[in-house]
Structures are given as C-alpha cells and as structure tokens.
> 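Structure below; questions to follow.
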There are 2 protein chains.
Amino acid sequence: MRAVDIIAKKRDGDALTREEIDFFIQGFTRGEIPDYQAAAWAMAVYLRGMTNEETIALTLAMAHSGKVLDLSSVAPRVLDKHSSGGVGDKTTIVVAPLIASLGLPVGKMSGRGLGFSGGTLDKLESIPGFRADLDTDAFIAQLRQHGIVVSGQTHDLAPADGKLYALRDVTGTVASLPLIASSIMSKKIAAGAQIIVLDVKVGHGAFMKTDAQATALAELMVQIGRGVGRSVAAIISDMNQPLGDAVGNALEVIEAIETLKGRGPADFAEHCLEVASQMLVLAQAARDEADARAKLGAALADGRALQKFAEWIEGQGGTARVMDDYSLLPRARWVEPIAAPRDGFIAGIDAQAVGLTVMDLGGGRAQKGDAIDYAVGVVFCRKVGAHVTRGEPLFTLHANDRAKFDAARVRLLAAYEFSDTAPPPLPLIHQIIR
Amino acid sequence: MRAVDIIAKKRDGDALTREEIDFFIQGFTRGEIPDYQAAAWAMAVYLRGMTNEETIALTLAMAHSGKVLDLSSVAPRVLDKHSSGGVGDKTTIVVAPLIASLGLPVGKMSGRGLGFSGGTLDKLESIPGFRADLDTDAFIAQLRQHGIVVSGQTHDLAPADGKLYALRDVTGTVASLPLIASSIMSKKIAAGAQIIVLDVKVGHGAFMKTDAQATALAELMVQIGRGVGRSVAAIISDMNQPLGDAVGNALEVIEAIETLKGRGPADFAEHCLEVASQMLVLAQAARDEADARAKLGAALADGRALQKFAEWIEGQGGTARVMDDYSLLPRARWVEPIAAPRDGFIAGIDAQAVGLTVMDLGGGRAQKGDAIDYAVGVVFCRKVGAHVTRGEPLFTLHANDRAKFDAARVRLLAAYEFSDTAPPPLPLIHQIIR
C-alpha cells in the first residue's frame, strides 16, 4: 500500500477502504507519511467528501492512534456532552453536576477558548485552585470518587487528530464536514464515554452559520457515534445571540452557579434543562423528557445539584466557597453599566462580535497559548426581543484597562440592532436529532 | 497576503490573480511556503483547474523563479522543439541538425528517460565523449559557434518547477493539465528559445492516452506560449506503436544517423520532416509546408544535415566518427532475431510494454539516478499493418544478460497483437495546432 495511491483514489472521488484509512492515519501519526502527503489528502477529502463508512473508519483510526480510555472499571456507561463552541456557553458547568447529582457518572474532556469562542476549562480555571490538567489516572480517580470530572484532553488521546488539525489549520481544509465530525468524535470516543449528547450551535456566533450545515454535522456525528456503538443524540441550538447574560470567564461561572441555585437567566436555564434531559433520556434514566424534567427540577430545588458542584470543584482542587462568596473570583477594576442609546426593541446582538470583544478585553485568546484575564467580560441586562428605553442599562462592562473598556463599549453598542417593532423571537432549540 | 488564503481561494474554485500566484510560487521557491501548503494547493488546482490566465501566470512565475536565458546575443530567434515523451522517439537527433543545417539556430534543453519513456540526453550520451551537461556559458558558446546545442536543463533554470514536480510526484497531482502545461512551458521559456514546436504524443505509449487529452494539453501550451510572446505550434502525433524501428539508446542513435543519410524507417523519417517543416514555417524560413519540405529534402540529399550533425556532436565533445562506424557505439553481447510465432497481420505493438521491456533490459530507468546500459534494446523488422509469415524475423533483440534476454523475448512477443485481416492503418500525425 502506498500513500500516493490512497491520495489519488480519494482525489478521483472513490471511497477509501478501512484498511487504506488505517494505513494512512497510522503512517501519518508515526511520521512515516509526511505532512505534504497528508495535506494533499486532506484537500482531496475536502473537495471530494467521504461516505459515512469512510468517516466512521477515519474517526476510529484517529481515536485508536493513541490511548483509548476504558472507563468500564468506573461505570459501564459514563455520560459526556460536547458543545461545538459559541459565545457565553457555560452549559457544562451546570449540566455536569446536575446529571451527576442524579447518580449518573459524567466524565468529560473539554477544550479551551480560541478566537470568539470561549472554553469551559478557562471558565473553570477562574475558580482559585481548580485543576483542569488531570492526567489519565487522576481523571479516572476523580470520576470514581465523585462521579464527575471535567478536564483537558490528555496528550496521549487521539494524537492523529491533533496533528491533522494543526495541518488543516494552515492548508485551508478546516471546514470539511467529515474532517470536523471525525475530529470531534475521535476525541469523544478516545475519552471513553458511552453516552454522548452533542450540542451543535448554529448562527452568527457559531462555527456553523446555517441550519443546513449544523444539521448535516449533527447527523453525521450521531451516525458516527452509533457506528462505533455509542449512544448519541444531538441538539441543534441557537447561537445568534450570546447564550445567557454573561460572557467572560469568572462572570460565566457566577451565572452557572446562579443557575444551579435556580436563579439563572431563563434562556440559559432552559438550555441546560434541555441538554440535561436529553442526557437522562439517552441514558435511560428517565422514561421521557417530562420525567427527565421532573427529576432535574427536583435535584435543583433540593440543592443536590449545587452540592455536587461543590464536591466536584473541591475534588479538582478548587475553592468551592466561591459559590457562596463571588468575591473570591477575579474581579475587574472597571465595572460600569452602559445605557441604551435609544428607545426600541433589541432586534439582534451579534454574538461573534461580542465574543471577539471579550477576547480583546483579555478574556479570550487570539492565538493558542495567549494568557487569559478571567475577570473581564460583559453581562447583558436585556437581550433580543426586549424593549428598552433610552438611558436604561443595556449591559455591564467589566474591564481591567480603560482604553480597552472604551473600545469594547463602542464595539458592543455596535453589535446591537434595534427596531421600532417587536422582532420575531429567536428560537432556543432548532432541532433534536436522535 | 497569506498562503492559506490563496489555497482556500483556489479550493473554492475562484481564479487566482497574477499577484497571488507570484506570491505563492516565490514563497515556495524560497522555502517560506512549506511543502504541505504547496501540496494542498496543488491538489486544489488538480480538482478545481485553472483559467488560461492563471496557467500563464503560473508558467511565468515558475520560469522567473530562476535564471531566464537571454539568447538574443546569439540570435534574435532561436528554435526549440519539445516532445511530451514516448517510446523510440529520437526525433531531436535528426531534426536539430537538419534545421541548423539550414542556418537556423537550434538551442534545446532536453531531458532524461524515466519509466517507459526514453530521453534524448541518454541516447546522445551513448556516443563516446558526448557531453550533455553543459553549463549556461558552454550552452551559449556552443550555440554561437555551431548554431546547434542540445543539453540538459541547468539547475538554475525554473527551480520552482523542479521543486513542485517532485512534490506532485508523491501527492497524486501529476496528471493536471494546467500543472503539466506550466511545467513544460516554464522550462521552455526559461531556456530562451523564441520559436517552439511542441510534439505532443498520444496513445498507449504516451502520457496522454486520448486525443481529447492530447489536444487539450497542446492547445493550452500553445496559448501559454503565445501569451508570453513566443511563436508556438503543436503537433499531435501517434504513439500507439513505437516511433521508428529502434528502441534503445545506441540503437536509436544509429537509426537517427541512418535517417540523416536518407535511409531511415519511413514512419520515423516522415515524422521528422513534419516536425522540421512546422519549425521552418513557424520561423518564417519557408513560405509553406511544401516549400519547407523542399528545403529539408535538399539539406538531407546534399549531406548538409549530416555534416551539421558531425559538427554538433564534435562541438559537444562526442566522437562524430560514429556516423561512419557504428561499431564505435556500445554493442550488446547477445543480438538475435526473434521469429514471428504465427502467420498474420500485425494489428498492434504495445508501445508502453516495449518501453518497459527495454527499461528492464537496462536501457532505461525505473528510478531517477539509475545507470543506463546504452547497448541494449530492440529493433523491429515489421510494424503495425505489415503481414508476417510464421518463422520470419519479427524483431532483433539486443541484451547483455541472458536471463533478461529471455524475459524480454517473451514480453515483447506478448506486446504484439496479430489478426487475420489487415488492420486499419495507424495515423502518424493526428492534428496540428497553430
């Protein structure tokens, strides 16, 4: 078997066999197939596509390019959720302890923010002491002891994906459905969870801009997961405005805790309940969504979810007292409300612009490895659909640099669209794919 | 300007600007754009194609990636011919001195054989002392002094093409029309000739298997040449059987000399006259083809062409006496006629199989850098269309190794197709594109 023949076969639009894909990914992982051959192959995949069978084979080849976690010694069926990335998405911080509080083990490897999109690990690291860099043994130990763990991907998982992603980033081959789906799913599979709910974001503030793109990605990932014997469902959820009110690491942790206390913003709380109920139904821990909602409501109401949050954070070295004393979290020097510039309905808040603004405040990364300022960000007072009167507070801006504060204020105001009539409501959930 | 954006633009099927192509090729030549980006780009070009304007820009960018020979100090209009490669193609060895004997300067950079396809330089190097590795100064000196030079491409010409070709070879991006055409034409342009006749081979023994492919390549190269101000014409000629009777380096030199003496095989002699007359007409050294044929016939008949051959070979260090004494050329140990296995018409001789057989005898290269045995090869007694009687000689085999001799005999006999009825004649020239 020769790499060049496999490239040519895909170039000509033919489907590769499992053996060919294994040969190529193994050779690439070991450095025997050079980057330039992988780059030509990735472009051929981008332009010619892949069948579902090929995508499943690619996912498995990448998952098995390194260690594949076996969590069966902890529990036969560990749960995971994955978000495709957006602005203000702190869902994991609510859903993971909520599900775990019902006795279902949640083991999740999460990511860091890049560009306009935030990362759960960065948000959690705004909690003093929290460790998001567990090795495999510590990951399993935390899961066994507390039934909940959220940590960064260890370097020994799916190394082929890391290597291929770096190459795709510089060769114009990122936006390929089979390559995106196999990248996400190879990591999920290597991380060991058996039950996976995918939260695919769609809209201005997401990587998938249209329903068609998001649906295609979600369906492909569900098929891949099923093809390798995992239980998978996907939610397609709206990211045309930020999710919840807070955007910025520590600010989002506060909002997540408030939500666990039953006081979160309605849209975000509802989103968390939807994701969590899909997880319960998929895990057969609830008869149906109504039953799931009832169980979740009880765990929130009687404090079990909040208690599990505290146990989780402490287990990973964090200061759980933040939930009773937000002043233990980083706090920005300038915290000021910004007034509505006019009367009218809020017709739109450009989520991507909000994400980029928070990044420029220091709350995100322009490039991998950039340092994060956990304190900065924005908290919206009113969102799309609300009517505001000129002069009333529109959002509160948190910044540690006056020049950046001023730039962010201008940029955030420009991210709003106002109208004189009530805009059509933004949906929260576009579709559920089971 | 970023390489990744140029890759993405081509990936999406958009035409690149001249500036973008220059940026990419210059960066690639200097090593600032890595192989993996060039590989992804080449695959995008392969699958998305290029407009004629893009292909012209690419050709010029590669031609100007190194030195571009200025031959105007020698003559305002130097002639060149180029063959796309085939089996038994020793045309240059006849046409170059024939044209030069009429006072028109011929300056040609030629190639070496690889795989089934022979190379003019290898054939010439079977002449004792002949030097095919002239540097630029020696190339120009030989052209000035003798009006004829055929040498290898110097390393300082079109380095981007050499680098890109090596990459295409291992990334499945060889068979792309704009990449093939720009590769050939960038070298032709850098080598300085103003008048270029392209001999595009079509058939089983050529890289272009169909008339449609060959025509598309020829038309594109003619357009590129015109686009950069050169006079270009293309001949599409048949390569369904070997050209002439001899295949093998020294054997082909003998056949070329015989042709200069007016005793060459009819098909090969006619092919040479066609190529040469197109060159004369294009150079406006003949009114029309009939006039060209008359001039060429005279130069052959009165010995001027043969005399120019001797001058050329001696100028480049070779032993011109080979033309009077073929025993000065390498001679194989076993030279034996092989009999026809049956009565019938010869309906086909698989040129590619012949080329590969001669390669395996030692007369060609499986890989770049392999040594060549100049003596070995095959001389056909009868070709497609001829009727043979069982037992009469079909071809003469020249080998230096008995086991290889036996293997070649079997393989060559298998390359023949016989029929009981006269087959339709094979055309010599399919088309001329001016």
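Note that the coordinates shown come from a computational prediction; the quantities given were computed from them, not determined experimentally. Letters A, B, ... mirror the listed sequences (proteins, then strands); counts begin at 1.
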> Shorter than 4.5 Å, heavy atoms on both sides: which option in B:Ala39, B:Ala8, B:Ala40 has the most such pairs with chain A?
B:Ala40
> Give, as side chain, backbone, both or neither, the part of A:Ala42 having an atom under 4.5 angstrom from any heavy atom of chain B.
neither
> Any idea which of B:Ala3, B:Gly13, B:Pro34, B:Ala44 has the most non-hydrogen atom pairs under 4.5 angstrom with chain A?
B:Ala44
> Could you tell me how the ring of B:Phe24 sits relative to the ring of B:Trp41: parallel (under 30°), tilted (30 to 60°) or perpendicular (over 60°)?
parallel
> Please give me the minimum heavy-atom distance between B:Thr29 and B:Pro159, naming the atom from each residue.
CG2-CG, 4.2 Å
> Heavy-atom pairs under 4.5 Å with chain B are the metric here; pick the option from A:Asp5, A:Val170, A:Ile6 that has the most.
A:Val170
> Checking B:Asp169 against chain A: side chain, backbone, both or neither under 4.5 Å from a heavy atom?
backbone
> So which part of A:Arg48 gets closer than 4.5 Å to some heavy atom of chain B, the side chain, the backbone, both or neither?
side chain
> Quick check: closest heavy atoms across B:Met208 and B:Leu217, and the distance to 0.1 Å?
CE-CD2, 3.8 Å
> Any donor-acceptor pair under 3.5 Å linking the side chain of B:Arg365 with the backbone of B:Asp370?
yes
> State, to 0.1 Å, how close A:Ala15 and A:Lys9 come at their nearest heavy-atom pair, and which atoms those are.
O-CE, 3.2 Å
